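Let me begin by presenting the structure, written as structure tokens, before commenting on it.
Only a predicted model underlies this, so the values are computations on that prediction, with no experimental measurement involved. Index from 1, following the sequence. We count ligands from 1, going down the list as the structure has it; atoms in each ligand are counted the same way. Any value given below was found using the heavy atoms of this structure, including those in side chains, with hydrogens, waters and symmetry copies removed.
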Amino acid sequence: AEQTYDVVVIGAGGAGFSAAIEANQAGAQVVLLEKMPTVGGNTLISGGEMNAPNNWVQQKLGITDDTADLFYEDTLKGGDNLGTPEMVRILADHALESAEWLRDEVKVEFLPDHLFQFGGHSRKRALIPVGHTGAELITKLKTKTEERGVTIKTSMKADALITNDEGRVTGVEATDASGNKIIFHANMGVVMASGGFGSNIEMRKKYNPEMDEKYMSTDTPGTTGDGIVMAEALGAKLANMEYIQTYPVCNPETGVISLVADSRFDGAILINQEGERFVEELERRDVISKAILAQTGGYSYQLWNQTIADIGKTIEAHQDEYDMLVKQGLLYKADTLEEAAKFFDVDIDTLKATVKKVNQYASTGDDLDFHHRGGLVSLETGPYYIQKAVPSVHHTMGGLVIDEKTHVINEEGSIIPGLYAAGEVTGVIHGTNRLGGNAIADIFTFGRIAGQQVVAEN
Ligand code: ADP
């Protein structure tokens, strides 16, 4: 079977949805192909937090000294300067606009008075969608997309890009749930928004042998790097493929990211089996992950008390996850430190000494051991929460090389006509290490540009 649209978008995560909406608003007939039975990708299961410098919640909270320049510097530095500066510049300059677009056009609701400061950021600047997950983003994007008459085809896997004699991308070969081949012709172009490759162990090992079976992944099963392979077949250039990020605090049995453990951003500490802190809790994800793997057993415990729990309310926001962790014996609520230590057989005397220091540092505002950049919070009073966690593969920084207009670039350095890409499938923004809250800012900023650009060039 054959079908014809102006624009074909591959992958219904945040990048694909925003590209589809923009292309549609610019007047194109758009189809959005998603290989899984449901839309959302990793965007859906993420925490959904989005960095935007100088945003409206910062203003409300009295944070008046954040700028696009600071965000630019944090992002470049966070990736050890391997992100492409011109691309990071675009991200920094447009992240706020992307957030406003989500708020005003897509009707995404963000918490009015709470922000996260993820590791590597010099300011608290991450907006939090209600419910603290990407579900708020994807639900609203899906509604908007359907309202506008974009065709969404789920269980429709893109297999290959089709090119004409001049090497221009003119369509996509796909397979539906029953195994039928379908050709989607694209009059204007194709936007690749198929996400990363964290769930593809073979591909991980190909680019970084260290990232083998010993790591589980936080990603959805659809995150297998298809778009990278499809574009590579046309000579696309890849960058930063060896940089694969682990998220430091995940479920030791399933690899699933822990969002309850977002209490870390409100002051929860990390300790080892011996009861000692071993890293600054707001360090970069790669640094914390490495530090955890170097501890006894290669895991960590996150410890916090009710005071901290009440700040971000991560338990209420993620009650299902909390109940599951308790049932699995991976999280324990205790009235006293003794009880918390006993549950996981942590050395109580060392833990008490650790907590005593934390309380001192909380009162002086100076963490002499690890220089906690958010300022430690006193753990003087219970009840306490203690949770076991391990690092798990979370984000692949590498991928397709795109230019400022999201054109996909080939090995010779020229544009592959008719092909655009945005989101985790691309590899030029985050360098060695993507900072928390930067994926969401990235996918909406460049997803929108891709959708606008594919129509503008026709
Ligand atoms: P991003 O954050 O870049 O938007 P996501 O992981 O949120 O990435 O979304 C990517 C989506 O692309 C996922 O829903 C995934 O299932 C889908 N996808 C991956 N490969 C294909 C493919 N070959 N055909 C269609 N959809 C795909």
Side-chain angles (χ1 to χ4, degrees), residues 8-22 31-50 91 98 102 133-139 141-142 145 151-162 171-177 181-184 190-200 203 217-233 245 257 393-400 402 406 420-430 434 436-451:
V8 180
V9 180
I10 301 174
F17 269 115
S18 51
I21 292 170
E22 287 292 348
V31 66
L32 179 55
L33 311 182
E34 169 55 54
K35 75 170 172 183
M36 303 301 281
T38 49
V39 298
N42 282 338
T43 307
L44 175 69
I45 59 169
S46 75
E49 289 89 8
M50 174 174 189
L91 173 69
S98 307
L102 284 170
T133 79
E136 168 69 9
L137 305 172
I138 292 297
T139 309
L141 285 162
K142 184 162 178 275
T145 307
T151 309
I152 303 177
K153 293 196 184 281
T154 50
S155 300
M156 183 66 77
K157 179 177 177 291
D159 299 314
L161 295 165
I162 303 168
V172 176
E173 255 176 50
T175 312
D176 73 11
K181 292 268 169 218
I182 299 169
I183 293 194
F184 291 93
V190 173
V191 177
M192 188 59 81
S194 54
F197 60 97
S199 294
N200 187 336
M203 195 161 168
S217 176
T218 66
D219 292 358
T220 63
T223 311
T224 48
D226 304 9
I228 294 171
V229 178
M230 279 186 263
E232 219 187 351
Q245 175 174 86
I257 189 168
V393 166
H394 183 54
H395 188 97
T396 46
M397 271 68 69
L400 305 177
I402 56 168
T406 73
Y420 305 76
E424 198 179 345
V425 73
T426 67
V428 288
I429 311 289
H430 308 289
R434 175 183 63 77
N438 271 6
I440 301 292
D442 169 5
I443 64 181
F444 290 113
T445 299
F446 290 100
R448 292 186 65 211
I449 294 174

Nearest non-hydrogen contact with atom 10 (C) of ligand 1 belongs to which option: Ala193, Gly447, Ser155, Gly198?
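Looking at heavy atoms only, Ala193 sits closest to atom 10 (C) of ligand 1.
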Give the single entry among Glu424, Lys35, Met230 that approaches atom 21 (C) of ligand 1 most closely by any heavy atom.
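Nearest option to atom 21 (C) of ligand 1, by heavy atoms: Lys35.
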Test salt bridge (charged side-chain N to carboxylate O under 4.0 Å, His left out) applied to Glu22 - qualifying residues, sequence neighbours left out
Arg448
Sequence neighbours excluded, which residues qualify as salt bridge (charged side-chain N to carboxylate O under 4.0 Å, His left out) partners of Asp176?
none
Closer than 3.5 angstrom, by distance alone: can the side chain of Ser199 be matched with the main-chain N or O of Thr220 as a donor-acceptor pair?
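Side chain of Ser199 to backbone of Thr220, a donor-acceptor pair under 3.5 Å: yes, one is there.
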Counting only N and O atoms by type, is there a donor-acceptor contact under 3.5 Å from the side chain of Lys153 to the main-chain atoms of Val31?
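Flag not set: sc Lys153 to bb Val31 has no pair under 3.5 Å.
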Can you tell if the side chain of Val172 reaches within under 4.5 Å of the side chain of Met230, non-hydrogen atoms only?
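Not touching, per the 4.5 Å side-chain cut-off.
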Go through ligand 1 atom by atom and flag the ones less than 4.0 Å from a non-hydrogen atom of [X].
X: Leu33; value: 25 (C), 26 (N)
X: Lys157; value: 23 (N), 24 (N)
X: Gly423; value: 3 (O)
X: Asn42; value: 5 (P), 6 (O), 7 (O)
X: Asp226; value: 20 (N), 21 (C), 22 (C), 23 (N)
X: Gly14; value: 4 (O), 7 (O)

Salt-bridge contact Arg434-Asp442 (side-chain N to carboxylate O under 4.0 Å):
no
With heavy atoms under 4.0 Å as the rule, classify the contact between [X] and ligand 1 as side chain, backbone, both or neither.
X: Ile10; result: side chain
X: Thr43; result: both
X: Ala12; result: backbone
X: Ala439; result: neither

So for ligand 1, is Ala422 a polar contact partner (N or O within less than 3.5 Å, distance only)?
no
Under 3.5 Å between some N or O of ligand 1 and some N or O of Ala15?
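So ligand 1 has an N or O lying under 3.5 Å from an N or O of Ala15.
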Which protein non-hydrogen atom lies closest to [atom], naming both residue and atom, and how far is it?
atom: atom 9 (O) of ligand 1; result: Gly13 CA, 3.3 Å
atom: atom 12 (O) of ligand 1; result: Gly11 CA, 3.1 Å
atom: atom 19 (C) of ligand 1; result: Ser194 O, 3.2 Å

Spacing of OG1 belonging to Thr43 relative to CG belonging to Leu141, to within rounding of 0.5 Å:
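The distance works out to 8.5 Å.
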Does either side chain, that of Asn42 or that of Thr223, offer a donor lying less than 3.5 Å from an acceptor on the other one?
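On atom types as modelled, these side chains qualify, holding a pair under 3.5 Å.
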